Colleague: 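Encoded as structure tokens, here's the structure I'll be asking about.
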Amino acid sequence: MTLGYVRQDMERVCCKGIFMNENFERIALVGNGINDASKIEWIGLLNYLQQKKIKIPGSLIDLHDKEISPTIFFEYFNAFSQQKNLESYSSSNRQLENLVCEYVEDKSNFIKKLWKKYNKVLTVNFDDNLILSSDLKKMANNKVLQQRYDFEFDNQQKKIYFIHGFYKNPSTICLGFDKYCYLLKLIQDFIVKNYPNDEEISRRKSKNMKNKKEKSRFAKSWIDFFFMENVQIDILGFSLSQSEIDIWWILNRRMQVRNRVNNKICYYDLPVINSNGLKNTVRENKHKILKTMDVEVVEIGGEEELQKYDADFYSLCLKK
């Protein structure tokens with residue numbers, strides 16, 4: 001590779017915002033995985049206790065065994081800890097009690113951690129699990145692409161955008177082919193009008209409109225964030241399956257006008273190869289496709305040996 005090609009490639013990478021700019025506004029796009037991470041469940045608690053107290057792989061037991069009650073599991077952890085660490089029952093029991101409190105507190109604070117990091121959150125969820133205040137202010141009309149609500153948390157104004165609708169406004173919920181196709185049509189019309197590609201600009205001969213849109217700093221819809229300057233969208237807890245064709249279409253359109261947009265999109269996921277050396281080909285293919293669309297894939301795991309989308313995974317995501 002010649003020096004000229006290296007220089008061109010570096011210019012392309014810098015232009016596309018691969019290098020993190022501290023001035024970029026961080027915005028989260030979250031899916032239902034975030035809800036799962038904040039749920040308090042017995043199996044989750046038992047897993048947490050086993051990971052913290054039983055650190056010898058050969059001593060781990062199947063926590064899904066329905067013939068064994070949670071109480072028996074708890075006493076197993078207690079007895080094992082006494083034998084391994086030569087500690088008293090009361091000392092071991094006290095440690096387990098503290099771990100239970102630690103687990104519950106961590107789960108309860110997870111959504112708070114999310115909002116401490118982000119002032120704006122886009123979500124495909126219909127529920128209000130992400131909302132931390134009863135004083136919720138609707139800031140837009142009933143239009144599907146403008147479902148935004150504001151609330152105050154930690155003395156800061158927070159904004160949440162329900163991109164697939166909100167249960168308090170049933171007509172906006174995107175379920176079924178009719179609603180989904182209608183949403184796609186609205187997205188397409190909005191983007192073609194506001195963020196035309198080179199072919200569309202040439203066809204309309206509308207250079208003035210192009211310049212005007214590039215200078216716009218105000219989001220009329222959640223779609224704007226994918227095309228605005230100095231924005232980084234972090235995608236968390238969102239599987240981005242093939243059915244999410246609206247988001248895939250937006251990512252593809254963004255790539256078409258990438259030479260006029262200086263922003264960044266990061267997709268947080270587990271590693272393609274897990275701690276046991278096994279490759280997830282479905283995940284690998286998704287990562288490859290995302291990278292061709294100029295989305296940076298951030299693999300969370302490695303030394304942490306994470307193998308599932310749980311609270312530990314999302315907590316590490318929020319530290320990035």
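Note: hydrogens, waters and symmetry copies are ignored here, and every other heavy atom, side chains too, is used. Nothing here was measured: the structure is a model prediction, and the numbers come from that model.
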Colleague: Val272: which other cluster members, linking ILVMFWY side chains closer than 4.5 Å, directly or transitively?
Modeller: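 Members alongside Val272: Ile273.
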Colleague: Is there any side-chain hydrogen bond (donor to acceptor under 3.5 Å, both in side chains) pair reaching into residues 173-182, and which pairs are they, with sequence neighbours excluded?
Modeller: Tyr180-Asp246
Colleague: How would you list all residue pairs meeting ring pair (Phe, Tyr, Trp, His ring centres under 6.0 Å) that involve residues 232-274, not counting sequence neighbours?
Modeller: none
Colleague: Using the side-chain contact (heavy atoms from CB on, under 4.5 Å) criterion, which residues pair with Phe126? Sequence neighbours excluded.
Modeller: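 Phe126 satisfies side-chain contact (heavy atoms from CB on, under 4.5 Å) with His164, Ile173, Leu175 only.
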Colleague: Does anything in residues 152-165 pair up under salt bridge (Lys or Arg N to Asp or Glu O under 4.0 Å), and if so which pairs, sequence neighbours excluded?
Modeller: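 As it turns out, the salt bridge (Lys or Arg N to Asp or Glu O under 4.0 Å) pairs with a partner in residues 152-165, which skip direct neighbours, are Lys116-Asp154, Asp150-Lys159.
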Colleague: Going by salt bridge (charged side-chain N to carboxylate O under 4.0 Å, His left out), name the residues that satisfy it together with Asp189, two or more places apart in sequence or in a different chain.
Modeller: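 Salt bridge (charged side-chain N to carboxylate O under 4.0 Å, His left out) check on Asp189 returns Lys185.
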Colleague: Is a donor on one side and an acceptor on the other found under 3.5 Å between the side chain of Asn197 and the backbone of Val257?
Modeller: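 Flag not set: sc Asn197 to bb Val257 has no pair under 3.5 Å.
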Colleague: Can a donor-acceptor pair be found, under 3.5 Å and without considering hydrogens, that links the side chain of Arg283 to the backbone of Asp269?
Modeller: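 Checked: no pair found.
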Colleague: List the residues meeting ring-ring contact (aromatic ring centres under 6.0 Å, His included) with Phe166, not counting sequence neighbours, and say none if there are none.
Modeller: Tyr149, Phe162
Colleague: Taking only residues two or more places apart in sequence or in another chain, which ones pass salt bridge (charged side-chain N to carboxylate O under 4.0 Å, His left out) with Lys320?
Modeller: none
Colleague: Scan for salt bridge (Lys or Arg N to Asp or Glu O under 4.0 Å) pairs involving residues 122-132, sequence neighbours excluded, and state none if there are none.
Modeller: none
Colleague: Are Phe110 and Ile131 connected in the hydrophobic side-chain network, where two residues link if heavy atoms are under 4.5 Å apart?
Modeller: yes
Colleague: Minimum heavy-atom separation for Glu229 to Arg260, with atom names?
Modeller: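 Shortest heavy-atom separation between Glu229 and Arg260 comes out as OE2-O, 3.2 Å.
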Colleague: Applying salt bridge (charged side-chain N to carboxylate O under 4.0 Å, His left out), name anything that partners Lys120, two or more places apart in sequence or on another chain.
Modeller: Glu25
Colleague: Can you list the residues that meet the salt bridge (charged side-chain N to carboxylate O under 4.0 Å, His left out) rule with Lys117, with sequence neighbours excluded?
Modeller: none
Colleague: Applying ring-ring contact (aromatic ring centres under 6.0 Å, His included), name anything that partners Phe151, two or more places apart in sequence or on another chain.
Modeller: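 Applying ring-ring contact (aromatic ring centres under 6.0 Å, His included) to Phe151 gives Trp115.
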Colleague: Hey, what's the ring geometry for Tyr195 with Phe227, parallel, tilted or perpendicular (30° and 60° as the breaks)?
Modeller: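 Correct class here is parallel.
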Colleague: Any donor and acceptor pair, going by atom type alone, linking the side chain of Asn285 with main-chain N or O of Val282 inside 3.5 Å?
Modeller: no
Colleague: Does the Asn125 side chain pair with the main chain of Gly31, one donor and one acceptor, at a distance under 3.5 Å?
Modeller: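 It does hold such a pair.
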